Protein chains: 2
Amino acid sequence: MGAERTESVERALSILTAFSIRRPRMTLAELAAETGLHKSTILRLTRSLAVYGFIDRDTEGRFSVGASIWHLGLIFRQDFDTGETIRPVLRELVQLTGETASFFVRAGSDRVCLYRENSPILEKYGVEEGMRLRLGTGASGLVLRRYSGEVLPDLTPFNANGTVSLDATRNPNIASISTPVFSSTGAFRGALTVSGLNSRFTASVRDRFLADVEASARKLGQQMG
Amino acid sequence: MGAERTESVERALSILTAFSIRRPRMTLAELAAETGLHKSTILRLTRSLAVYGFIDRDTEGRFSVGASIWHLGLIFRQDFDTGETIRPVLRELVQLTGETASFFVRAGSDRVCLYRENSPILEKYGVEEGMRLRLGTGASGLVLRRYSGEVLPDLTPFNANGTVSLDATRNPNIASISTPVFSSTGAFRGALTVSGLNSRFTASVRDRFLADVEASARKLGQQMG
DNA sequence: CCATGGCGTTCTCTCAGGCGAAACGATGCT
DNA sequence: AGCATCGTTTCGCCTGAGAGAACGCCATGG
């Protein structure tokens, strides 16, 4: 039977995803350690990545992400949403709840925070726009997994609208409520999430927030082609 | 001898680069036509691209760029330059010359406009931030090719500082002056370019602009690690 | 001075796995 | 019904990707 996937391509992509905000430049040996690939393999793959401008190499031989990625990133953003749609909704949600509002999409087995509006009263707690996190078992992770086609063994965290409300997932002090956003054509676009210190998420407050998030998600979905 | 490069990886990358601002979503058949690859090949490769979140597929089967690209794009930008360095220099150059200033980097056999400040008097003429263009034979293309290691057959367009001043290259009415930017460590970072209607680029004006661009490039280089 | 170790690069052999033709099934258009 | 277009699957052939070691090149230091 023909291969379902392509090994060398996935290895090349694992090289790309080895880079992070904290480590934007790596030597060959570092990349090998990070990816578990043989150095010769990395050399071969990065040569091809470099030809297409997906990876650069400086004079000291260190690798970094190439400009083609940036160009493609802009294509992604303009196709997905320029921010003109999502950001106002997030801001409104912050006003309504006083908490932090974010919009996540799935990227492979991770989730990426596309947009985020921070609560005015709460200092940031680690998540920023563009950040990449494991899907995990948090509220937004569950939403992303369910509505991007995964079959989950347990659907009890979800209410009838597909919303998940959880305490203390990624961060032990943080509660979050996440709901799916569907475009007007019914396609799943991402997870709209409100999160904050769980000390403020009492039962009644939580109910109000949940309604707010679901209302915002509906509104947002209408605006997304 | 071992393969210098990896064919399947380059095919996968050619799929990614097939997307553009104008065509951010494509069907399988369109992708096949655009890349020249067999449909079965595209299916196999895109499966792997999707696993890593580099490509998405909507419910109607159309492909689009995935969120992993966006995440990597932010890594690229924060590593390369957040814009805090380059943009002020561009603005100053616009003030000095009254023309449009841009900063290009190389991405494979293309050039990408990372930053651009448009002349206040001239309407835009097609190039925008994030745009991808062939390297070609324009001023910035020549600079990028020479200082990213290519051996050019003819170096007469370059002055002693590596600057190129040309008329009517990409656009028959546009003249441009481009000079390399080197970081304080001597590494080549990109091409700083001033361009505008060639009717305004008289000999004396051109000399002044050239000095301005070179001065800005030196200043910019100092600030770039 | 020459070990020693870490680094990037190159080579070669082998076999997994990528390739593409072709067939298939679904949908839509006339 | 008939034809065209599209996406998907299958499968045998053979290329080309991968592992691993060897090589050369600095450093560092004993």
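By convention in this document, chain letters (A, B, ...) are assigned in the order of the sequence lines, proteins followed by strands, and residues within each chain are numbered from 1. Only a predicted model underlies this, so the values are computations on that prediction, with no experimental measurement involved.
Checked for salt-bridge contact, R91(A) and E117(A) meet the test: a charged N lies under 4.0 Å from a carboxylate O. Using a cutoff of 4.0 Å between basic side-chain nitrogens and carboxylate oxygens, E10(A) and R5(A) are scored as salt-bridged. A salt bridge between E30(B) and R62(B) is absent, with no side-chain N of the basic residue lying under 4.0 Å from a carboxylate O of the acidic one. Ion pairing between E7(B) and R11(B) holds under the 4.0 Å rule for side-chain N and carboxylate O.
Side chain to side chain, S176(B) and S195(B) fail the donor-acceptor criterion of an N or O pair below 3.5 Å. Looking at S178(A) and T193(A), their side chains do bring a donor and an acceptor atom within 3.5 Å of each other. Using modelled atom types, one finds no donor on one side chain facing an acceptor on the other under 3.5 Å when comparing T163(A) with N161(A).
Rounded to whole Å, atom P of dA17(D) lies 6 Å from atom CD of E7(B). To the nearest angstrom, P of dG7(D) lies 17 Å from CZ of R44(B).
Under the side-chain hydrogen bond (donor to acceptor under 3.5 Å, both in side chains) criterion, the residue pairs touching residues 215-225 of chain A are E92(A)-K219(A), with sequence neighbours excluded.
For dA21(C), the OP1/OP2 oxygens have a side-chain nitrogen or oxygen of H38(B) closer than 4.0 Å.
Less than 4.0 Å separates DNA chain D from at least one heavy atom of each of the following residues of residues 8-19 of chain A: S8(A), R11(A).
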Any protein N or O atoms within reach of nucleotides 5-10 of chain C? Criterion: under 3.5 Å, listing atom names and distances.
| residue | atom | partner | partner atom | Å |
| --- | --- | --- | --- | --- |
| dG8(C) | OP1 | L28(A) | N | 3.2 |
| dG8(C) | OP2 | A29(A) | N | 2.8 |
| dG8(C) | N7 | K39(A) | NZ | 3.1 |
| dT9(C) | OP1 | R57(A) | NH1 | 3.4 |
| dT9(C) | OP2 | R57(A) | NH1 | 2.8 |
| dT9(C) | OP2 | R57(A) | NH2 | 3.1 |

